[in-house]
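To start, the structure itself, in structure tokens.
Everything quoted here is computed from the prediction, not taken from an experiment.
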Amino acid sequence: MNHSTTDIIEVAIPLPLDTTFHYRVPEGLMPRIAPGKRVLVPFGRRKVTGYILGFATGEERELREVADVLDDAPLFTPRELEIYRWAAAYYLHPLGEVIKAALPAGINVQSRRGTSTDGDAMTGGRRVLTETVYHPATPPPAVEVPRGKASSILSHIQQEGKATAAELRGIFADCAPQLRRLRELGLVVTEEREVYRDPFREESVTPDAPLPLNPGQTEARDRIVAAIDTGRFAPFLLHGVTGSGKTEVYLQTIAHLLDAGRTALVLVPEIALTPQLVNRFRRRFRCGIAVLHSGLSDGERYDEWRRIRRGEVAIVIGARSAIFAPLERIGMIVVDEEHESSYKQSEGFRYNARDLALVRGKMEKASVVLGSATPQVTTWHAAVTGKLTLLSLPERVNGLPVPHAEIIDARGKKADAILPLLADATAANLANGGQTLVFLNRRGFATWLTCEECGHVLRCPNCAVTLTYHQRKNRHVCHYCDYAIPAPSVCPDCGSTRVTHLGLGTEQVEELVRERFPEARVDRMDRDTTRGRGGHARILRKVAERKTDILIGTQMVAKGHDFPGITLVGIVSVESTLNIPDYRSAERTYQLMTQLMGRAGRGEDAGRVIIQTLNPDHYALIHAGTASMEEFYTTELAFRQETGYPPFVHLGAIYLTGTAASAVEQESRRLAGQIRTLRREAGGHVEILGPSPAPLLKLRGRYRWQFLLKAPVRSALHRLLARLRRTYTPPSGIRILIDVDPVDLM
DNA sequence: AGCACGCCGACT
DNA sequence: GTCGGCGTGCTC
């Protein structure tokens, strides 16, 4: 027995402060103190919520006292604190804010200055919902039973043994007065029971059984199962083309680990994808399943979180923040579609759930399965160098081959949105009763200027992105920095007068398609047409019911949804993805093309894919088009090695932001000096790529100056960034953001 | 992040 | 003479 704990606790506070704080615990609160609970503590003139990290000793200074303990039970375990600490140190973010981000939203209380805090603050956070359950009194008191409705209600309760207020309301409609009467007479007794808001409770599902596996799936399942049985950390890349049955591998692996008394955490990139997947899990498993994503209300999310905390679920499915789910005995973490950029949080606490999955998996001695048809280039590299075990699912479960794409050279062609080959294919497909998917990556009417003679594309001199034509102003505008020039009539590069607008938006293409195929039923799916609840579902349902012949869409048609009747995919333009000045633009293009090709021919034939492009020789298109996956990764890795980009170097980003352009620019010079000094101290192994791609970007009304740092080893770069965080304080009005692990460099 | 302290311009 | 601008400094 150890009674040597002190009355001093260490507390993390969710404010942008890099230190933790110490408080004295008054004797009366001492029994309630435990690491993982929240406390209300005086902080300057106000009171704030803090998180108890543990006990501390030997503090010289006079300490202030804890005002209250806000929880009856700890919110996080020592093991969870370990991952919070790791994330705080790695992402250079205050521990208190990391903990706040890891816990369900809205449980924190803060008071203004002064001492009074209302009752809500004391109980801490979201309301726990309860329902009233009525039981018959045993033995029944010797009173006269009321007649009429009250009598029928009483006999119902006696018959059932118990009934909730909601059930009784369902049968007897308004029955509150009768129930009150019965209770007053002592004929029924009541009990308050906690209920969870369950977003899926109402839907019933029909159970299913494990599907037969093909040899690839069997091997993948067996190797993951074997790894789980060793009880050690084991990371995998599960590489499988669209339709190769990755989900079935997850399901059967999870079935195994549930039998062994362990649990599973499944991360998915998009909220829109969760219902489908959750239903598949609910059909298969009878254990508790919790769902965590940003589409839930704070109350629902809090309830799901409490079910996990109490050990009532064995499977958690959720978006990136679910990596912090309070699940214990984790046997496997799945990161589905691991290449998706939505795993990266790019505001506030900038973490990457895909990377944290590997860290948490290591801490929990779990298997981590990164699943993707088009993994990140860095992930692929990790797999081929043996840091991850590569598991491949080469075949589609329906046995159909992945189609090859026909690439059409659009250079020098009439500035026609849809070239004859694609138009003819569409007409033929329409005549055969097939559905056609027309993809282009630009909404609205926006276009850009290109020269038909030399292929020159009008770009922003600062940002290198293509300028967008705004018809009303007759100017070309940069969407990043607001640079604008009047529309030129000759090519600024070669002087040719054959300049033309290319890169039509979805709206224009829709118009063109309707003109060209007046008999076809045409629909459009982009951010404009899917706005609001159910927008997605409405369009997808029409496609599934074959009420749409031609679907025109952006990015979002490439992700996740099954379009079983699509037999032709026409890619009208890939240029906007290819032209993004980011070292990952080839990777992104390859991923997008591959996903789109996976959309074709899931029905009765293998389908046809046509890509029309100004870059017919680009390796990302050629390798995607011929499904030579390994060749793409090999080519891309060679290119990365040559140009010095990840995985061969590590990157970090530092952003200065402010509302005044001149102040940001001026401060960037001081910061550049500071970085150079730190770089010398660090031994010069960190290269400053300088502001890239643009010196000064304007984003949502704020100016941003961006430095990109490059280093051959991560530790040198991380050391520099950590020192910068400690030593550099920006002047007022300017904020500094450090991204240890930048994914989006734009 | 708040919230205070602190030192300079237009008002009862 | 004060009210209030936001610069800078601190919070166990």
Parallel, tilted or perpendicular, as decided by the 30° and 60° cut-offs, for the rings of A:Tyr302 and A:Trp305:
parallel

Once the angle between the rings of A:Trp86 and A:Tyr90 is folded into 0 to 90°, is it parallel (under 30°), tilted (30 to 60°) or perpendicular (over 60°)?
parallel

Consider only side-chain N and O atoms of A:Glu338 and A:Ser372, and report whether a donor and an acceptor are under 3.5 Å apart.
no

Should the heavy atoms of other residues, nucleotides or ligands under 6.0 Å from CZ of A:Arg725 be counted, would the total exceed 12?
yes

Give the rounded distance in Å between these two atoms: CD of A:Glu347 and C1' of B:dA1.
17 Å

To the nearest Å, give me how far apart CG (A:Leu95) and P (C:dC12) are.
18 Å

Measure from NZ on A:Lys47 to P on C:dC12 and round the result to the nearest Å.
13 Å

Please verify the inter-ring angle class for A:Phe349 with A:Phe324; under 30° counts as parallel, over 60° as perpendicular, anything in between as tilted.
tilted

Contact list (N/O, under 3.5 angstrom) for nucleotides 5-11 of chain C vs protein:
| residue | atom | partner | partner atom | Å |
| --- | --- | --- | --- | --- |
| C:dT11 | O3' | A:Gly44 | N | 3.1 |

